[in-house]
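Accompanying notes for the structure given below.
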There are 4 protein chains.
Amino acid sequence: MEEIQTSTVRGRGRPRSDESQRAILDATRALLEERGLADLTIEDVAQRAGVGKTTIYRRWPTKGTLAFEAFAADFLSRQPLPDTGSLRGDFYAALMSWIRAVKGTSTGRTLVGLIAEVQRDLELADIWKEKFVKPVRAQHHLMIERAVERGEVDETIDTDIIVDLLFAPAYHRLLQTHLTMNTRFAHALVDAVLNGVSSRGAER
Amino acid sequence: MEEIQTSTVRGRGRPRSDESQRAILDATRALLEERGLADLTIEDVAQRAGVGKTTIYRRWPTKGTLAFEAFAADFLSRQPLPDTGSLRGDFYAALMSWIRAVKGTSTGRTLVGLIAEVQRDLELADIWKEKFVKPVRAQHHLMIERAVERGEVDETIDTDIIVDLLFAPAYHRLLQTHLTMNTRFAHALVDAVLNGVSSRGAER
Amino acid sequence: MEEIQTSTVRGRGRPRSDESQRAILDATRALLEERGLADLTIEDVAQRAGVGKTTIYRRWPTKGTLAFEAFAADFLSRQPLPDTGSLRGDFYAALMSWIRAVKGTSTGRTLVGLIAEVQRDLELADIWKEKFVKPVRAQHHLMIERAVERGEVDETIDTDIIVDLLFAPAYHRLLQTHLTMNTRFAHALVDAVLNGVSSRGAER
Amino acid sequence: MEEIQTSTVRGRGRPRSDESQRAILDATRALLEERGLADLTIEDVAQRAGVGKTTIYRRWPTKGTLAFEAFAADFLSRQPLPDTGSLRGDFYAALMSWIRAVKGTSTGRTLVGLIAEVQRDLELADIWKEKFVKPVRAQHHLMIERAVERGEVDETIDTDIIVDLLFAPAYHRLLQTHLTMNTRFAHALVDAVLNGVSSRGAER
DNA sequence: GCGTAACCGAGACGGTACGTCCCGTCTTGAT
DNA sequence: ATCAAGACGGGACGTACCGTCTCGGTTACGC
């Protein structure tokens, strides 16, 4: 009979406790909800989880990486790749499910906090790009590739620019809080991205 | 003839020292350059400026508000409103002078740090919106209004969306560092904003 | 005709304000009552008296000297030289009026605070010895001199020792708070000072 | 057989470091010698001892309690209970060893500083009475009890008064610095305590 | 009656120490 | 080898007062 085995070799001594792992992530989520990433301390997480600080540091080097893990799975699972048959439909659906996930939610506040934290934590920055930015953008690229296949978009287009055009304004409003995000915003944004802003309708 | 008078009366005691004010802002700029906002300490600023900590706290409630003041004047003065005669030209010029100001510069690092700080300092958030976001966007709106007058853009368009479309991708790349910013990026972005991304050439 | 003249020449310029002087001493007394000498600050006195800090520093170099002046006149006026006709009576009367002045009173707490302050303020120490210890002891010496004249005490005796014997235990209990002071204590102390503690009744 | 166990359980985490404890007390003693209790800073002690401030605060709530511990053991060990066979001899010996310990010494300055500090620190006041006044007085009471057994002193006498009579004048002179302490003072004081000051020699 | 000098209240100044918070590491005995 | 507990050295925080200085303004004297 084969022993089930995690990817890292079993090693000697006492194995790491799954229970502690869970308790830490739960405590992190609770504290993130209560006071946000900026006011989160490892000390508080340890106390709330009933765990020694070393047990946390053994697994996550900084509070950013810990918060990221508590945040990522939840968030990503709520951003399914839409498939409505048109680029306009896909864009609108993706944008709205993003807005729903972050607007006025603790998830949104944590997202904001993580983006802030990424700027001061190099270790976290790597994880962020690899485990968050990259997979999310990969999904968005898929939407565009399907549109290219359908002939909705020229195949010569710079797809990175398109992804930025759609989501950067959303992130911008989330961070700068200068303007709200609602269905009106989503529609206007999708329209502008697809059609551009110059009034060339007539002469074409 | 009545003397015009500022709203606050002269105030009685010893007036605040302009020299200290200057020394504090200079020290802040120097330290911002040396180690960035995240590692900036009020204590260090005070010591470098040859000033008591209270003299700083008397003027700025948090290190964010202090850093903002040290940053804003410089930055804003380097973002002149372009007037090239076309929207495409104005957009490109504005984008490029922004990129030049922030890419690989201490100013850029400070801008990033401030956006991060804004997320954790309510007092700073207000100042940020009032003294930074609002005046910068006012300039950008001007560019578009001139384009509307020239007939380059429909007057029905949502100008807030346009401003976001142009600059949000730039801020996005600055913060997420997932892609670089260069002239190629600027051209592609301006094109996309003006023309949209859908291949409507044929059917129109 | 001689002009009556305070020791310091009148000088030019605006004379010091008696009203401020009074306000400062009153505020000092009030704050001494409220929170004691240890927690008294010049800043608080100035604010309470409606006076600038410099106005205080111009008159008193330290909070000890200020507190002393607020304390001394009051206290000394309540320590009249008794004259009962016997040393025992005088001792008892002097002791009891001292106990009444300090036991459980704000005056007593201030006296204690001043003795503590004298240990850390050289300027105050000089004033204390000159303006407090010396005049008080002079009075006590008088009591003893009268007793010598009456033949109650040998003229060879060291009167400094006697003064200490009577009052040092009282100060000691005030400062160490190890034992209370009451009429029983006063009687026992006076008896012991006059008769000594050795049981010499038999052999004499 | 049951294991005898101290009242407090062993405690779980890392035990407090004896080495730090020692370093702190040594640094305190050195600084007390250099500049006295009034100018002693917890910050300086921490730096001199190579220790964090919290390590000090964890053990002693105030600088008074810290200084007391640095002072007490040393001082008390130098005040042995004399046993010369007579009360006069014991009194004189006890008084002189006290004078030798405090007159012109850093120990004496610290004693003075502590008595001042006791007046402003309630926590310290309790410790002072329990760990200093009480044991010292217990010793002195012993001297008197032995004298009672030898018949030198009436058993009806108030021994608290006697202890005060002997030592209060010494403390008084230490604090008021109005008069010096020397062998002449010690002899005169012991004489006066034993014989009283009234000239009853004749009529007895 | 004008100038000047010392005073006044207010409050900012450079500075020191406070006592607290949290960091990331370490040292226990116990799994 | 890992666990919970909790002490460790360290760095910065924001506050409280210190004693001094700098304003505009007041009050008296001596010319």
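Order of the sequence lines fixes the chain letters, A, B, ..., with proteins taken first and strands second; residue numbering starts at 1 for each chain.
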Determine: side-chain N/O of [X] to OP1/OP2 of [N], distance under 4.0 Å, yes or no.
X	N	result
D:Ser20	F:dG9	yes
B:Thr55	E:dG14	yes
B:Arg58	E:dC13	yes
D:Arg48	F:dG9	no
C:Arg12	E:dA6	no

Task: Donor-acceptor under 3.5 Å (B:Lys53 side chain, B:Val45 main chain) - done: no
Open item on the list: With nearest nucleotide decided by heavy atoms, which residue, C:Gly50 or C:Glu43, maps closer to the 5′ end of DNA chain E?
Closed with: C:Gly50
Task: Pairwise 5' ranking along DNA chain E for B:Ser17 and C:Arg16, keeping only the more 5' one - done: C:Arg16
Could you check how far [atom1] of [X] sits from [atom2] of [N], rounded to whole Å?
X	N	atom1	atom2	value
A:Gln21	F:dA4	CD	P	12 Å
D:Arg22	F:dC8	CZ	P	13 Å
D:Glu19	E:dT27	CD	P	11 Å
D:Asp18	E:dT27	CG	P	14 Å
D:Tyr57	F:dA7	OH	P	17 Å

Open item on the list: What verdict does the side-chain contact (heavy atoms from CB on, under 4.5 Å) test give for A:Ile115 and A:Phe132, after you've listed the backbone C-alpha separation in whole Å, the side-chain angles of each residue and the deciding distance to 0.1 Å?
Closed with: CA-CA 11 Å; A:Ile115 293 172; A:Phe132 185 80; over 6 Å; no
- [ ] Test for a donor-acceptor pair under 3.5 Å between the base of F:dC8 and the side chain of D:Arg14, counting only N and O atoms.
- [x] no
Task: Polar side-chain contact D:Lys53-F:dG10 base: donor and acceptor under 3.5 Å - done: no
Task: 5' precedence on DNA chain F between B:Thr54 and D:Gly52 (nearest-nucleotide basis) - done: D:Gly52
Task: Most 5' of C:Lys63 and B:Ile42 on DNA chain F, judged by nearest nucleotide - done: B:Ile42
- [ ] Could you list the residues that satisfy side chain to side chain donor-acceptor pair (under 3.5 Å) with B:Ser20, not counting sequence neighbours?
- [x] B:Ser17
Task: Test salt bridge (charged side-chain N to carboxylate O under 4.0 Å, His left out) applied to A:Arg48 and A:Glu43, A:Glu34, A:Glu33, the passing residue - done: A:Glu34
Open item on the list: List the residues meeting side-chain contact (heavy atoms from CB on, under 4.5 Å) with B:Ile127, not counting sequence neighbours, and say none if there are none.
Closed with: B:Thr65, B:Phe68, B:Lys131
